[in-house]
Amino acid sequence: MTQHHHDDRPADAPVKKPRHKKFQTQSYGERMAAQAEAAGPSTGEVRDDTARGERRGGPSQYSDRGVRGYANDRRDNRPVKGYRAAEPRTDRRPANRDDRPQYNRDERPQYNRDDRPQYNRDERPQYGDRARTDRGERNQYGDRPQNNRNDRNDRNDRPQYDRGDRPSFNRDERPQYDRTERPQYRRDDRPRFERDERPRVDRDERPRFDRDERPRYDRAGDRQSSYQRRDRDDRSSYQQNKRVEEPVDLGTVAADNQFAALGLAPRLVQRLARDGITSPFPIQTATIPDALAGKDVLGRGQTGSGKTLGFGLPTLTRLAGGKTESRRPRGMILVPTRELAMQVHDALEPLAHVMNVSLKLIAGGLPYPKQIESLRRGVDLLIATPGRLIDLCEQGAADLGAVEIAVLDEADHMCDMGFMPAVTTLLDMTPAEGQRLLFSATLDNDVDTIVKTYLKDPVQHSTESGQASVSTMEHHMLVIEPGHKQSLTAELASRDGRTIVFVRTKLGADRVATQLRDRGVMAAALHGGLTQGMRNRTLDQFKDGSVPVLVATDVAARGIHVDDVGLVVQADPPAEHKDYLHRAGRTARAGGKGAVVTLVLPHQRRGMMRMAESAGVKAEPVRARPGDELVTELTGGSKPSGYPVKLPAPKPQRFNKGGGKRFGSSRPGRGHDGRGGSGPRRSNGPRRTDGNRYEGGKSYQH
DNA sequence: AAAAAAC
């Protein structure tokens, strides 16, 4: 049956919203409004509530129509307001209902079903059968719909409907639809569905709850984004208040395991060791002991150096064993984007599990009910984006009064102008004596305000200089002509392997992604203007390889980890040096290799050089044109095909939140043939009809 | 200055 993607909807479920003034005197919205007012008169759009309200309140179209449209249906003779009363009719007797013979049902011959020969299915003429199409001749029922239809649109005359020419619609040739070849869909092959053979029926005796250990059927074929899965199995709340009595054997830990030496719980160390994580990164070695000791910590470690575990492990250790009341979580990790929240959640979940710490993702774009329910049952640790958490606090669904540990991931970003009010709102709700951990790759003086207000005797650990010190990363700065930007971007992105292209604006992301696809490079846009369902889908496709090029705004600049991103292209230069470092940090993670290419227009050159210096990036600006040797070197020589390609999944219908059927997340890489034309297609804007896609010279900067 | 973050 059709899958209903309830999850893609914005949570519109009825949510009662008693506003608890307990935590603050102003609501978040009021605060923001006040802030906006303080910032001066808005030059942007003005909400036109008045106009809308007037139209609604007055003689609306709806009520108007209710009277006019159905005036004839009125059973009484009261004059309709606004209409001239009809002249009394004299040409016939007033109808006496009972006397009207034609209303006797049984005598109406044409409704005798058995007399209608053409309802015999087998004998109905087929489409294209002209014998049936005597133009204009009515059948005995007085209608002739099929005649004209067939005359005009005889299917056999329409070449484009010839089934044989549409390979993609030929069911037999679509390999992925061959049921017998999809082992993961065969029930018999799924070992854990053999009821009789399941050794453990007693839930408490199940030796392990760990996700990773469970035999899996292949979920990749499941075509659900991680976001949808996440919402479906709400394991964290299910687990609530169940404490494992006996330690589970998680494997042995080597005597020289250095995590153990840091003072972490043995179970945690064992769990890490099972994933092959036995030696801590420098940032972890530096911060974990202090964090475990309950100190406030400022942690700075280069991108991809394991900061998540740096604050995650001590947080879990300290929360373990405690008791959490309903709606009163004891730990809170704030992150700047929803994707990052999901990533942190997923990274900590197995670890939280062995520690019997429950955790819940609290982020916008996801349905409210499960988040509220989870909080009601009591959840130890929240991983949250600020807006939704404030919302839930205002509703009374969450109470931060019991938060023992508050973590700010990407702390410097959380302290910039846009985020600061929300973050202080949340921190204000937490007890002043609670522990605070601030982490970022670029932890600088921007956090001073927060540090002074909310941290007590913080310990600062900087394992790196806060500059570009990832030695496995190479930087290139290409000074280009504006007219070459599109083709150079396409050349760079057409390489094998994953590439992220950063642009400045949401619109730019959409535009560049489209341009790349027009040139034959499979690319998808990621930015905050998309529905959350689409954001998840796009990131999933980037991760599974079906879309190797991600065109993103700075929503993806921080924290997001995808394996093997070999190249970061900055099609628009970053706004400041910290952004450079974070964008660049999407590649060369955890010791891997990677390159960063920044496209610089002549007028941006000076600023870019300054920025590079602040970032500690050593790169000489080099003039470059499409086809240059340097570009070829960076891309391994592959060129864009020039033939437009289409995304493997239907594009998001922004207005239709359902999402619909999705194909493609399991479709291999760039295998799409890229021909245009057939199939039901969403059109998301005007389709290009001009032939010169490439040499227009329109630059998408600016 | 844009993006992000609630509905």
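In what follows, chains carry the letters A, B, and so on, assigned in the order in which the sequence lines appear, proteins first and then strands, with residues in each chain numbered from 1.
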To the nearest Å, give me how far apart CD (A:Glu576) and P (B:dA1) are. 15 Å
Using the side-chain heavy atoms of A:Arg504, tell me which of these nucleotides is nearest: B:dA6, B:dA2, B:dA4. B:dA2
A:Phe542: ring-ring contact (aromatic ring centres under 6.0 Å, His included) partners, not counting sequence neighbours: none
Nearest-Å distance for atom pair CD1/P, residues A:Ile333 and B:dA5: 18 Å
Residues 395-418 of chain A vs ring-ring contact (aromatic ring centres under 6.0 Å, His included), sequence neighbours excluded, gives A:His413-A:Phe419
Describe the nucleic acid contact of A:Ala575 in one word from base, sugar-phosphate, nothing, applying a heavy-atom distance below 4.0 Å. base
Quick one: A:Leu408 CG to B:dA5 C1', roughly how many Å, whole number? 14 Å
In whole Å, what is the span from the CZ atom of A:Arg535 to the P atom of B:dA5? 4 Å
Return the value, rounded to whole Å, for the distance between atom CG of A:Leu340 and atom C1' of B:dA3. 15 Å
How about A:Phe502 and A:His582: are their ring centres within less than 6.0 Å of each other? no
With a 4.5 Å limit on heavy-atom distance, are the side chains of A:Leu340 and A:Asp409 in contact? yes
What integer distance in Å separates A:Ile383:CD1 from B:dA5:C1'? 17 Å
